[in-house]
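All heavy atoms count here, side chains included; hydrogens, waters and symmetry mates do not. A, B, ... follow the sequence lines: proteins, then strands. Residue 1 opens every chain.
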Amino acid sequence: MSDPAPSDLPTHFDFSTSETALNDAWERAGVFRARAERTTRAGGDRDPFTILIPPPNVTAVLHVGHGLNNTVQDVLIRWRRMAGDEALWLPGTDHAGIATQNVVEKLIAKEGRTRFDIGREAFVARTEEFVAETGGLILKQLRAIGASADWSRTAYTFTPQLSLAVREAFVRLYERGLVYRGHRVIHWCPRCLTSLSDEEAEFHDAVGKLYHVRYPLADDATRGITIATTRPETMLADVAVAVHPDDERYRDLVGKQLRMPVTGILIPVIADAYVDKDFGTGALKITPAHDANDFEVGKRHGLAMPVTITADGNIGEVADAGGRVPAGLMGLDRFEARDRIAEALKDEGALVKVDVHPHSIRRCYRCNTVVEPRLSDQWFVKMAPLAEPALAAVKDGTVRLLPEKWEKVYINWLEGIRDWNISRQLWWGHRIPVWTCENGHADAYREDPTACRVCASTKLEQDPDVFDTWFSSWLWPISTMGWPDEDATDLKAFFPSDVLVTAPEILFFWVARMVMSGYAFMGRAPFHTVYLHGTVRDMQHRKMSKSLGNGIDPLDVVDRYGADALRWTVIQGMGLGVDVMLDPEDLDRSFAPGRNFATKLWNIGRFILMQVGEEAVSPVDAVKAADLTLVDRWILDRLDAAIAECDAALGPARPAAAPRMARKAGSKEVGAADATAAQPTWPPAERQVGMRLDAYAEAARRFVWNELADWYVEAVKQRLAEPGADREVARAVLVHAFDRALRLLHPIMPFVTEALWQRLPGRAALAPDAFLAVSEWPRTRAAAGATAPDGSAFDVVREAIDAVRGLRSEYGVTPGQPVRAFVARDERTAPLAEASALLQRLARCELVFDAAPAGAAAHAVLGNGIELVLPLAGMVDVEKECARLRTELDGLTKQLGALRGRLGNEKFTAKAPPAVVEAERVKEREWTARAEQLHGKVKELCG
RNA sequence: GGGCGAAUAGCUCAGUUGGUUAGAGCACCUGCCUUACACGCAGGGUGUCGGGGGUUCGAGUCCCUCUUCGCCCACCA
C-alpha cells in the first residue's frame, strides 16, 4: 500500500475506500480459505474450528438481524483464526421452498397468472431462473460488513450435491422404518395450498367467538344438547356429539340421535373420556376431518370423516360429504360461511348464545393465513428414536446451549416430541423419492427407478410432493461437507463443527433437528456449542420488521459510519442472549459507540505513527527490564490483564478432549459406546463459561482507550520528543502495546485495525502478505513464559494526578492555573519523585517534597498513605474547606462505627473467613488514621 | 393449562461460589479547541437493587410470598 506520511493522515478513518481495498487484499491472499490438510484431523497441526452459517433464504436481502447474527460468527471465526486454529466459516443459502415459491407466485401474479396457468415444469424453471438472477445477493452484502467466510465453499441447499444428501437421508430413514405415510388431520395453509408442520403453524392470540348451538333430539325436539364451538362452519362435517361417559347430565342421551340444525342431518350422541365435563356445556361436536382431536375420537368410534372445506378454504363437498352442504353455502369462503351459518342458526332458534372467547389460532408462518386443520395423507418422520440421542447430548454436556435457559426449553420440546410432517404440496423443493407402480407398490428409491422393485412393472409414478424445506436444512452440517460420501475431505476435517450461532426462534425448526440428523447419519453431534443471541429491537422494544417500518438497513449504517462501527455497536451492546435495542429514528445516537470508538482508535494510531516515525522499533522483549520506566511497566501489566480478561470473556473454544474415561463397570456396549465416547463433553465448570462478547469488547476497549490512550500515550509524549535511549524504550513499548491492542480488537473491528497495523513501523521486515487477520492472538507474558516486573508503582502516580484534578475541580481552581502540592519527604514518595514531571504536565501541578505551609489547604490521601496537600491561600475560602472536611469526617465516622460494630461482634470474628476479618481490620486501621488526621485539620483550621 | 425466565441509575445492561462505600456504555450536568482525536479531554452517580417476610455475623446475591413483565410448549371445543 502506498501511504501518505503519517502526518498527512486524515483525522477520521476513511472507511468507505479502505474497507473495499482491505476486503480485496484479504481475499486475494486467501486468508479466509480453510485448508483441510492443515487440520489435526487430517494429520496437520491445527485444531479445526468450524462455523456453519445459518443459511439465509436465497432471495433474502440483508437486514439488521442478519447483521447481528453474522457479526457474531465473524468475531468468533476471526478470533480462532488468529488463535492458530484452521478456521472455516462456511457460507451459503437456503432454497427456502415455501418462501421462495411465494415470491415467484407474486411475481407471476403481476403478469396476471397463477402457477397453475403455467404448469409445474415451467414454474420450477422460472423459479430457478429467478434464483440464478437475484439469489445470493445477501452473501455479497455480507462481505460489506466484513464477513470472513470461505466463499470458495459457498453452499446452497438445492445443488445436486445437497439434493443427493436429502434423498439419501430420506431413503435411510425409510429403510430404518422411521418414515411412514400418515392419514390424519394436519395443518393446512389454504393460501399456500400445502400442509405445514406443527412448528410452521404458529400460535397467535385472538379474540374469537364461542357459539353455543342447540342440537335437538331427533325423536323429541323438546330435548337436546347444546354444544359450544368457535368454528360453526365445520358443523357441516359433524358426525357426532360427544359427552363424557361419567357426565350425569347426558347419560340417558348417549346412543340417541340428534338432528343438526341447518342441514337436518342425524348424528349420534357418543361417550368419550376425551371430553372435558367442565368446559362449555360439557358436550362436544365431533368433526373428524377438520380437527385433530375429533379425528382421534372419530377413529376410536369408527365414525365417517366427511370433508367439507376445500383446499383453498371454501365450503364444498370434498370427500364423503354427499348432500351435507346446503346449496346456499356451497363455494363460500370459510369465514363468510361462518357468519352465514351463525345467521341461519339464529333464524332457526338454535343459536343459544355467543360469548366472546379469547383463544389461540394457528397461522401459516410464511403468509399469516389462518391454518385449516384438514384430513390428508402426508409423509411423517418418527421423531422419538431420533430425539433420544439429541436429548442425551444436551443433558450430558456434549452440546451446550447458551444462554442456559434454552437448554430447558430444548429438553422440554424433545421430551414431548411429535412426528414431523415432511411432505409439502409445493412445487419448489426436493421431490420426494417415492414411486408407486400401477399395482400400488410404493417404495423409496436412491436412483430414479425404471421398474417397480416388487413387481417389475415399468408404469411408475413419483410422489408429486416435495420435502419441507427444513428437511434439507437439518442436514446442513453434513451435506455441506460432502455427506453422504463419508470419506469426503471436508467431512473428515471439519465435521463435527464447533459453534452454531443463531436466533432462538429456530431452535426447534433447525437446531434440534440438526442435532438429531448429526446422530442419525454420522453418529455424533454436529457442534458442541449453540450460541443463541437476542433480537434487534427498536426503542419501544418492537422487533424490527419491514411491515412496521422500524427497520435499520445495515448497509446504510456501513455507508454512514463504516462496517467497524456497525460491528462494534452490535457486539459491545450484546449481553449473552440479550436483545439489542437500536433507534431507527436516530442512527447517530444508536451507533455512536462504534463510530466514536473507531475514530478514537484511528487517532491513537495516527498519533503513534506521527510520533514513532518510520524506523524499526526493537521488540519489547529486547528491552532490559531496568530500562523500563514506571509507566512502561504499568502499561505492560495492564496489557497482560486485558489479554487475560479477553480470553476469559471468550472462554474455551471447545471442550477439552479429556482422556478417555474409564468405562463404567458393567457397561457392555464396547463398540457402540466408542463412537460417541470420542466426542468430548463440557465439564460442568465450563458449561456456562465464555462467549461473553460484550465483556470481551469492553476489556479491549478499556485497555486501548482508558489505559493506553488516557495514560500511557499522555505519559510518553515527552519521552518521544527527546532523542536518546529512553525514546527507544518508549517507542518499543508503545508500538508493542498498540500492536497487541489492534490484535485484540481485530475480530470486532477488522478494517480500522488492519489499516493501522499495516502502517506500523517494522512492517517492511514482514512478508508482503502478512495481515493482522492472520497474525497471532496475543498471549500474556506469563503464558509466554516470560517474567513480568511489577507495574503497580505507577498507580501512586495516577492516584496523585487524579487527586489533584479532583481537588482542582472541587475548589473551582481553573485548569489553567498552576498549583503546588506538598508531600512530606518520605521514601514511599519515590514513584512520585520520578513522575513529578508527569504531574506537572497532566495536572499542572508542581510537586514539592516538604512540609506544607500552615493555613487553609486541601488534602488528598493516596492509597498507600501518602498525603498530598494543596495550599489554598488566595484560591478558596477557609469556610468551604472546613465544610468539606466536616462532611468527610461525618461520613467516615458513620462508616467506622458500623465497621467497629462488626469487628466487635464475636459471631462475625468467629464465623467469617479469616481473610475477610483481616481485610476489615486493615480497613479499620486506615480509616482510623484518616479520621485522626481529619480531626487535626479541622481543629487547626476551623477552631 | 404445563414449563422457564426477568425485575438493579433516565435508557440498555454487568454484578462470578453470600463479604470493602453496588458498576459499565449511552443520556445528562459543569469546565476545557491542553502540540492525535470536540466522534475529543477533565470532573460529576443522578440508586429505598420491584413490595413484604425469612435464613445468616453479613443478602442485590440464598429461601418463601405478593406484584408486574416476558419467553417456550399445549388437543379446552
Distance-only donor-acceptor test, A/K600 side-chain atoms vs B/C39 base atoms, 3.5 Å: no

Watson-Crick/G-U partner (both atom distances under 3.5 Å) of B/C49: none

B/C49 versus B/U35 - spacing of their C1' atoms, nearest Å: 47 Å

Side-chain donor/acceptor of A/E714 to base of B/A36, under 3.5 Å: yes

Residue mapping more 5' on RNA chain B - nearest nucleotide basis, A/E505 or A/A598: A/A598

Pair partner, B/A24 [Watson-Crick or wobble, under 3.5 Å]: B/U12

Close side-chain approach of A/V269 and A/I225, heavy atoms under 4.5 Å: yes

A/E372/A/R334 ion pair, N-O < 4.0 Å: yes

Short side-chain N/O contact to B/G5 OP1/OP2 from A/K408, under 4.0 Å: yes

Validation row, ring centre A/Y365 to ring centre A/F509 under 6.0 Å: yes

Assigned partner base of B/U35, Watson-Crick or wobble definition, under 3.5 Å: none

Watson-Crick/G-U partner (both atom distances under 3.5 Å) of B/C69: B/G5

Below 4.0 Å: OP1/OP2 of B/C75 and any side-chain N or O of A/R418: yes

Atom NZ of A/K209 with >12 non-hydrogen neighbours under 6.0 angstrom: no

